[in-house]
Amino acid sequence: MRALCWHGKGDVRVDTVPDPKIQHPRDAVIKITACAICGSDLHLLDGYQPTMESGDILGHENMGEVIELGSEVTNLKIGDRVVVPFTISCGQCWFCQKGLFSCCDRTNPNAELAAKAMGQSPAGLFGFSHMLGGYSGGQAEYLRVPMADVGPIKIPDSVTDEQALFLSDIFPTGYMAADFCNLKGGETVAIWGCGPVGQFAIRSAFLLGAERVIAIDTVPERLALARAAGARTLDFREEDIYDRIQEMTAGRGADACIDAVGTEPDTRSGFDAVIDRVKVATFMGTDRPHVLRQAIHCCRNFGTVSIVGVYGGFVDKIPMGSAINRGLTFRMAQTPVQHYLPMLLQRIEKGEIDPSFVITHRAPLEQGPELYKTFRDKKDGCIKVVLKP
Ligand SMILES: NC(=O)c1ccc[n+]([C@@H]2O[C@H](COP(=O)([O-])OP(=O)(O)OC[C@H]3O[C@@H](n4cnc5c(N)ncnc54)[C@H](O)[C@@H]3O)[C@@H](O)[C@H]2O)c1
Ligand SMILES: [Zn+2]
Ligand SMILES: [Zn+2]
């Protein structure tokens with residue numbers, strides 16, 4: 001089959017690789033009908049995620065048609081259309097039983113390696129390094145889905161591929177970001193990053209009762225899409241974000257601050273962003289937490305900082321003094337996708353949100369390598385790429 005494979009920093013290629021096969025009675029194989037490139041894939045492209053190996057198949061936002069089933073998968077049938085969560089979860093362990101699917105402790109065969117780096121291991125993920133399981137991703141014609149009796153959700157005919165696909169990751173992730181803010185109605189939520197995840201966070205914050213969303217970025221079409229959802233927007237290259245948020249909240253700060261940027265902020269967003277970039281380039285650090293620092297400072301006393309932008313290792317110069325003295329709550333996670341899926345599918349079916357609003361580029365798999373760069377460089381108005389193998 002054809003697949004998008006990682007071959008090193010900045011090097012994604014379309015390769016011909018062996019078709020996936022059933023390896024375990026709980027596996028399924030799906031024929032991919034749509035998959036997407038995520039901001040998290042850019043961390044792989046840019047070489048920020050350790051333990052990638054040349055030839056690894058990328059892609060964790062996947063959906064398709066079931067074409068083969070292991071003997072223990074009884075809830076799916078050949079021909080079902082399914083969306084596959086990016087988190088691989090057994091459904092039975094201590095964490096899965098509590099709905100904490102992204103920390104399933106049975107799906108990362110390299111858990112020891114992950115625990116060495118992180119203290120404990122999270123779940124295995126599709127297409128996201130060997131430390132996180134070494135599972136092949138779905139930017140390909142076919143995908144093996146382990147634990148297929150737990151992860152994939154069946155999509156009704158009334159919902160199109162483009163409406164359903166983002167249930168695999170960015171819709172639940174944006175929703176979780178807003179959910180973490182514990183909104184009661186009437187709050188001001190500030191959201192850094194108007195990429196695909198930020199866009200879903202904005203809409204979810206409104207769905208959950210925020211009165212006002214302040215969305216921060218610098219890319220004109222992303223800011224425009226945020227405004228289309230009802231957000232007030234700030235451009236970090238034109239305004240001082242802290243000063244403006246103080247002004248807009250009568251000097252109190254935002255009730256909740258969402259970091260939907262993560263470890264690769266624009267170096268034009270501040271002096272510390274440049275210093276972090278230099279530190280990472282010279283192996284003096286692993287991460288670039290400019291946005292996290294700013295989100296902490298802009299959060300009101302006893303407010304919540306909700307982090308969904310991904311960090312990989314150790315973050316320097318985080319103002320913990322500010323956080324503890326002012327009683328901030330920190331929430332963060334790789335999304336336990338399965339926890340949110342049924343409810344979010346219902347919201348789509350009821351017409352409360354149509355996730356396809358975020359798509360700007362549709363293309364065959366063969367154009368993947370080029371579109372990785374278009375998405376990374378935010379060229380050609382690109383906000384979200386969907387590949388149809
Ligand atoms: N927690 C999870 O489960 C999960 C799931 C999916 C994605 N993510 C992470 O979410 C983050 C965003 O993903 P995406 O797909 O939207 O990526 P993206 O790269 O398209 O979007 C990031 C946006 O942040 C903007 N930005 C850069 N510096 C900024 C700054 N200083 N202030 C405000 N905005 C700034 C960029 O212009 C860009 O529009 C990534 O780190 C990704 O890894 C996490
Ligand atoms: Zn993702
Ligand atoms: Zn589990």
Indicate yes or no: does [X] engage [Y] in a salt bridge with an N to O separation below 4.0 Å.
X      : Y      : result
Glu61  : Lys384 : yes
Arg13  : Asp11  : yes
Asp316 : Lys279 : yes
Glu162 : Lys388 : yes
Asp266 : Arg268 : yes

With rounding to the nearest 0.5 Å, note down the distance linking [atom1] in [X] to [atom2] in [Y].
X      : Y      : atom1 : atom2 : result
Leu165 : Asn62  : CG    : CG    : 7.5 Å
Leu132 : Ile88  : CG    : CD1   : 10.0 Å
Thr304 : Leu328 : OG1   : CG    : 8.0 Å
Leu183 : Glu211 : CG    : CD    : 11.5 Å

Passes side chain to side chain contact (heavy atoms under 4.5 Å, CB included), Thr87 versus Met147? Steps please.
CA-CA 10 Å; Thr87 43; Met147 311 292 174; over 6 Å; no

List in chain and number order the residues that pass side chain to side chain contact (heavy atoms under 4.5 Å, CB included) with [X], two or more places apart in sequence or in another chain; answer none if no residue qualifies.
X      : result
Val14  : Arg2, Leu4, Glu366, Pro369
Phe180 : Met176, Ser306, Arg331, Ala333
His297 : Tyr242, Pro319, Ser322

For the residue pair [X] and [Y], what are the closest heavy atoms and their distance?
X      : Y      : value
Pro196 : Arg222 : CD-NH1, 4.2 Å
Gly209 : Glu187 : O-OE1, 4.1 Å
Gly133 : Pro109 : O-CG, 3.6 Å
Phe166 : Ala36  : CE2-CB, 4.0 Å
Ile202 : Ala215 : CD1-CB, 3.8 Å
Ala140 : Ala3   : CB-CB, 3.6 Å

Quick one: are [X] and [Y] in side-chain contact, heavy atoms under 4.5 Å?
X      : Y      : result
Asp217 : Trp192 : no
Ile318 : Arg293 : yes
Gln294 : Ile241 : yes
Leu45  : Arg376 : yes
Val66  : Val82  : yes
His7   : Val12  : no
Leu125 : Gln334 : yes

Could you check whether any side-chain N or O of Arg347 sits under 3.5 Å from a backbone N or O of Met343, counting only pairs where one atom can act as donor and the other as acceptor?
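Absent.
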
Please list all pairs passing the ring-ring contact (aromatic ring centres under 6.0 Å, His included) test where one or both residues lie in residues 343-379, with sequence neighbours left out.
Phe200-Phe357

Can you pull out every ring-ring contact (aromatic ring centres under 6.0 Å, His included) where at least one residue sits in residues 119-157? Sequence neighbours excluded, please.
His60-Phe128

Tell me whether Phe171 shares a hydrophobic cluster with Leu225, the cluster being built from Ile, Leu, Val, Met, Phe, Trp, Tyr side chains joined at under 4.5 Å.
yes

Within a 6.0 Å radius of atom CE on Met284, are there more than 12 heavy atoms belonging to other residues, nucleotides or ligands?
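For Met284, atom CE is not crowded (no more than 12 foreign heavy atoms under 6.0 Å).
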
Between the side chains of Thr218 and Asp235, does any donor sit under 3.5 Å from an acceptor?
yes

May I have all residue pairs that pass side-chain hydrogen bond (donor to acceptor under 3.5 Å, both in side chains) and include part of residues 247-259, sequence neighbours excluded?
Arg244-Glu247, Asp255-Arg300, Asp259-Tyr311

